2 protein chains.
Amino acid sequence: MPCSFSKQEQVLHQFKGLTNQISPKFERCTGISASRYELLSQLYKVDEINQSTLQKLVNIDGAAITRHLKQLEASGMVIKRRNPEDNRVIFVSLTDEGRERIIEYRKENTGFVKQMLHDFTTEEVDALSDMLQRMQDNIVDY
Amino acid sequence: MPCSFSKQEQVLHQFKGLTNQISPKFERCTGISASRYELLSQLYKVDEINQSTLQKLVNIDGAAITRHLKQLEASGMVIKRRNPEDNRVIFVSLTDEGRERIIEYRKENTGFVKQMLHDFTTEEVDALSDMLQRMQDNIVDY
DNA sequence: GTATTATATTTGACTGGTCAATGAATAGTG
DNA sequence: CACTATTCATTGACCAGTCAAATATAATAC
């Protein structure tokens, strides 16, 4: 075995492999992409939110947000309006329709996640969540 | 708290956020994309390998493999040749140049991974690897 | 009050993944 | 032997992310 992966490298490999698998499966199962689901989910929790803080919450590039919202608006699930006090910022909120649809999506989502973690104890889920957070912190400003 | 994320859902969220961050950072640090690195890394371990088994090893779509290899071939790091006994399959191998370059990349890679997991004990890395594998198994045929 | 700087969003170019359709070669079956 | 299946690789269309540049508005500093 001239040049095998270290265990650490292997983790990275598994990581990549897993996320590549998750995205399309999630979408097939739930009928919505994981990113869109997150956007809607965040919007569900609040009344109205400006786009940049929404972006920070879901942790993807602003350009992607713009495009997602455009689609979601076209499909009648969200509305955007400018902040009258600061015309740079855009307020985003769910429509009633969006608010109903997200509930359906949530059911599918829960099913998917449960399946993925079905043999995990709550301690394991906690530990996993903790480790993911630490990894994130470790590379945040690299 | 009308509709908060469950812990399980949160894991999925963290997961997605983390991989989105990893890819560009990995590439900035190492000078090569994670997928290309993996391809080269797998090729390093063997003498020659056919494309489809390489694809299974790195766990990404065949179409993506075709395109990566095209690039890697153009940059002189790999060679392809048809299997004379079965003209459908393509054998891939590293060039001498590729074999040298991967060694450099490996150094950068190791640094990156070490940083990402710098506060993890070996037990934690093992546990993480184990959990990732289980998640993968849980959704493999969904 | 104008000039500069900073912030929010958008747009365009690029990369990398998916799926579905195609082409080419082999394998299997009557 | 011909006909159908399969298999491997490629291609095209699409989606989702990145970065960098452009735009528009607001805030700050002379």
Side-chain angles (χ1 to χ4, degrees), chain A residues 13 15-39 48-75 78 80-92 139 142, chain B residues 13 15-39 48-75 78 80-92 139 142:
Chain A
H13 173 211
F15 217 82
K16 225 181 140 310
L18 187 48
T19 10
N20 281 352
Q21 297 211 352
I22 284 178
S23 301
K25 288 180 192 209
F26 182 93
E27 190 158 352
R28 266 198 300 278
C29 281
T30 61
I32 191 175
S33 85
S35 298
R36 299 253 170 102
Y37 176 76
E38 276 208 36
L39 280 171
E48 208 173 38
I49 190 174
N50 53 4
Q51 190 167 317
S52 58
T53 65
L54 179 58
Q55 185 232 310
K56 278 158 208 141
L57 285 174
V58 301
N59 225 341
I60 59 183
D61 189 272
I65 303 282
T66 297
R67 285 155 191 147
H68 279 306
L69 288 179
K70 197 170 178 183
Q71 283 295 109
L72 290 171
E73 192 176 30
S75 64
V78 313
K80 309 200 287 185
R81 71 182 183 96
R82 298 212 97 97
N83 178 349
E85 265 118 53
D86 182 345
N87 266 286
R88 288 170 303 181
V89 339
I90 289 198
F91 283 152
V92 191
I139 62 164
Y142 212 64
Chain B
H13 174 209
F15 217 82
K16 224 181 140 315
L18 187 48
T19 9
N20 281 352
Q21 297 210 353
I22 284 179
S23 302
K25 288 180 193 211
F26 181 93
E27 189 158 352
R28 265 200 302 279
C29 281
T30 61
I32 191 175
S33 85
S35 298
R36 298 254 170 102
Y37 176 77
E38 278 209 33
L39 280 172
E48 207 172 38
I49 190 174
N50 53 2
Q51 192 166 316
S52 58
T53 66
L54 179 59
Q55 184 232 311
K56 277 159 210 140
L57 285 174
V58 300
N59 226 343
I60 59 183
D61 189 272
I65 302 284
T66 297
R67 285 157 191 145
H68 279 307
L69 288 179
K70 197 170 176 180
Q71 282 297 109
L72 290 171
E73 192 177 29
S75 64
V78 314
K80 309 199 286 186
R81 69 181 184 98
R82 297 212 97 96
N83 178 350
E85 265 116 52
D86 180 346
N87 266 286
R88 290 170 303 182
V89 340
I90 289 196
F91 283 152
V92 190
I139 61 164
Y142 213 62

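Letters A, B, ... are given to chains in the order of the sequence lines, protein chains preceding strands, and every chain is numbered from 1. Keep in mind it's a predicted model, so treat the numbers as computed, not measured.
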Chemist: Provide, to the nearest angstrom, the distance between the CD1 atom belonging to B:I90 and the P atom belonging to C:dT26.
Modeler: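 In whole Å, C:dT26 P and B:I90 CD1 are 13 Å from each other.
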
Chemist: Check this one for me: any side-chain N or O of B:K16 less than 4.0 Å away from OP1 or OP2 of D:dA16?
Modeler: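 B:K16 to D:dA16 OP1/OP2: no side-chain N or O under 4.0 Å.
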
Chemist: With a cut-off of less than 4.0 Å, is there a side-chain N or O of B:S52 near OP1 or OP2 of D:dA9?
Modeler: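 Yes.
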
Chemist: When you measure from the side chain of B:H68, which nucleotide among C:dT10, C:dT9, C:dG17 comes out closest?
Modeler: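 Selected nucleotide (nearest to the side chain): C:dG17.
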
Chemist: Rounded to the Å, how far apart are A:Q71 CD and C:dT11 P?
Modeler: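 The distance from CD of A:Q71 to P of C:dT11 comes to 13 Å, rounded to the nearest Å.
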
Chemist: Any strand counts, and the cut-off is 3.5 Å on both contacts for Watson-Crick or G-U wobble. Which nucleotide pairs with D:dA5?
Modeler: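 Pairing partner: none.
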
Chemist: Starting at CD1 of B:I49 and ending at P of D:dC8, how long is that distance when rounded to a whole Å?
Modeler: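 In whole Å, D:dC8 P and B:I49 CD1 are 13 Å from each other.
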
Chemist: Using whole Å, report how far CD1 of A:I65 lies from P of C:dT10.
Modeler: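 From A:I65 CD1 to C:dT10 P: 10 Å.
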
Chemist: Can you name the salt bridge (charged side-chain N to carboxylate O under 4.0 Å, His left out) partners of B:D61, sequence neighbours left out?
Modeler: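 Expected list: none.
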
Chemist: Would you say B:K70 reaches C:dG16's phosphate, i.e. side-chain N/O to OP1/OP2 under 4.0 Å?
Modeler: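 No.
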
Chemist: Rounding to a whole Å, what distance do you find between A:L18:CG and C:dG17:C1'?
Modeler: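 Roughly 15 Å, once rounded to whole Å.
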
Chemist: List in chain and number order the residues that pass side-chain contact (heavy atoms from CB on, under 4.5 Å) with A:S23, two or more places apart in sequence or in another chain; answer none if no residue qualifies.
Modeler: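 Applying side-chain contact (heavy atoms from CB on, under 4.5 Å) to A:S23 gives none.
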
Chemist: Pairing check on C:dT26: which nucleotide meets the Watson-Crick or G-U wobble criteria with it, both distances under 3.5 Å?
Modeler: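 Its partner is none (no Watson-Crick or G-U wobble pair with both distances under 3.5 Å).
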
Chemist: Sequence neighbours left out, what passes side-chain contact (heavy atoms from CB on, under 4.5 Å) with A:N20? Give chain and number order.
Modeler: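 In terms of side-chain contact (heavy atoms from CB on, under 4.5 Å), with neighbours along the sequence ignored, A:N20 is linked to A:K16, B:I60.
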
Chemist: Roughly, in whole Å, what's the span from CD in A:E27 to P in D:dG17?
Modeler: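 A:E27 atom CD is separated from D:dG17 atom P by 10 Å.
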
Chemist: May I have the distance from B:Q51 (atom CD) to C:dA24 (atom P), rounded to whole angstrom?
Modeler: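 Value for this atom pair: 17 Å.
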
Chemist: Please work out if A:K25 contacts a base, only the sugar-phosphate, or nothing of the nucleic acid, heavy-atom cut-off 4.0 Å.
Modeler: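 No contact at all - A:K25 keeps every heavy atom at 4.0 Å or more from the nucleic acid.
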
Chemist: According to salt bridge (Lys or Arg N to Asp or Glu O under 4.0 Å), does anything in residues 81-92 of chain B pair up with another residue at least two apart or in another chain? List the pairs.
Modeler: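 Only B:E48-B:R81, B:D86-B:R88 qualify under salt bridge (Lys or Arg N to Asp or Glu O under 4.0 Å).
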
Chemist: Using the glycosidic torsion, which applies to D:dA5: syn (within 90° of 0) or anti (everything else)?
Modeler: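 Judged by the O4'-C1' to base torsion, D:dA5 sits in syn, the angle falling within 90° of 0.
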
Chemist: Go along nucleotides 18-27 of chain D 5' to 3' and tag each nucleotide: B for a protein heavy atom under 4.0 Å from its base, S when only backbone or sugar atoms are that close, - otherwise.
Modeler: BB-----BS-

Chemist: Can you measure B:Y37 atom OH to C:dT15 atom P for me and round it to whole angstrom units?
Modeler: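 These atoms are roughly 22 Å apart.
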
Chemist: Set out, in order, the CA-CA distance, both residues' side-chain angles and the distance that settles side-chain contact (heavy atoms from CB on, under 4.5 Å) for B:T30 and B:Y37, then state yes or no.
Modeler: CA-CA 9 Å; B:T30 61; B:Y37 176 77; 6.0 Å; no

Chemist: Report the residues that fulfil side-chain contact (heavy atoms from CB on, under 4.5 Å) with B:T53, sequence neighbours left out, ordered by chain and then residue number.
Modeler: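 Scan of B:T53 (side-chain contact (heavy atoms from CB on, under 4.5 Å), adjacent residues dropped) gives B:I49, B:N50.
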
Chemist: Looking at A:S33, does any N or O in its side chain come under 4.0 Å of the phosphate oxygens OP1/OP2 on D:dA16?
Modeler: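 True: A:S33 side-chain N/O within range (under 4.0 Å) of D:dA16 OP1/OP2.
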
Chemist: Of the non-hydrogen atoms in A:Q51 and A:I65, which two are nearest, and what is the gap between them?
Modeler: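 That closest heavy-atom pairing would be CG-CG2, 3.9 Å.
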
